[in-house]
Amino acid sequence: MTNKPSKKAALTNAEKQKRFRDKQKDSGKKEVRGYLTSEAIECYAKISDQTDWNDSVILSNAIRITYAAYKNGQIGLLNNWLNQNKL
């Protein structure tokens, strides 16, 4: 008798994506989704080109910077700047 290695069924794309999301969740990360305005897309492209950051890093840093402005009493200043400087 010969022992043939058993073949595992290949994972579907959906299974791979679920496994990836589960690993991210297990490592303490949270997926956040949203739609970007045209101004935000332009900003995203500039940041991505300058820094080589991926979507996750850009979003994480944007949230951290916004929170820092909030904690330092500068959220109004930041919001006014965004409103006055349509990019």
Side-chain angles (χ1 to χ4, degrees):
M1 290 204 285
T2 6
N3 289 340
K4 292 184 180 179
S6 62
K7 289 186 178 180
K8 286 186 176 180
L11 295 175
T12 65
N13 235 7
E15 290 169 329
K16 289 178 188 176
Q17 290 173 2
K18 183 180 181 335
R19 195 163 80 180
F20 175 79
R21 286 191 305 271
D22 289 344
K23 283 181 184 178
Q24 295 300 322
K25 189 176 181 182
D26 290 344
S27 69
K29 296 180 180 174
K30 177 177 174 53
E31 184 177 9
V32 179
R33 296 183 184 184
Y35 293 96
L36 299 178
T37 63
S38 57
E39 293 93 354
I41 292 171
E42 288 178 39
C43 294
Y44 167 84
K46 290 177 186 176
I47 291 169
S48 180
D49 289 344
Q50 291 290 316
T51 62
D52 290 326
W53 290 346
N54 63 28
D55 293 355
S56 294
V57 173
I58 291 172
L59 179 60
S60 292
N61 286 340
I63 290 172
R64 292 173 64 218
I65 290 167
T66 304
Y67 182 73
Y70 164 75
K71 287 300 284 183
N72 288 291
Q74 301 298 314
I75 198 74
L77 180 67
L78 177 61
N79 191 47
N80 286 338
W81 188 92
L82 290 171
N83 288 332
Q84 292 172 4
N85 295 280
K86 299 289 183 187
L87 303 174

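Positions are given from 1 along the sequence.
To the nearest 0.5 Å, atom CG of residue Asn85 and atom CD of residue Glu39 are 11.5 Å apart.
Under a 4.0 Å N-O distance rule, the pair Glu31/Lys29 does not qualify as a salt bridge.
When side chains are defined from C-beta on, Arg21 counts as touching Gln17, because their heavy atoms get closer than 4.5 Å.
A side chain to side chain contact (heavy atoms under 4.5 Å, CB included) with Phe20 holds for exactly one of Lys16, Gln24, Lys18; it is Gln24.
Among pairs with a residue in residues 64-73, those fulfilling side chain to side chain donor-acceptor pair (under 3.5 Å) read Asn61-Arg64, at least two apart in sequence or across chains.
Across all non-hydrogen atoms, the minimal contact from Asp52 to Asp49 is OD1-O, 4.2 Å.
In this structure, the side chain of Ser48 does not engage the main chain of Tyr44 through any donor-acceptor pair within 3.5 Å. Looking at Gln84, its side chain never comes within 3.5 Å of a backbone N or O of Trp81 through a donor-acceptor pair.
Two different hydrophobic clusters hold Ile58 and Ile65 under the rule that ILVMFWY side chains link at heavy-atom gaps under 4.5 Å. Each of Leu59 and Ile47 belongs to its own hydrophobic cluster when Ile, Leu, Val, Met, Phe, Trp and Tyr are linked at side-chain heavy-atom distances under 4.5 angstrom.
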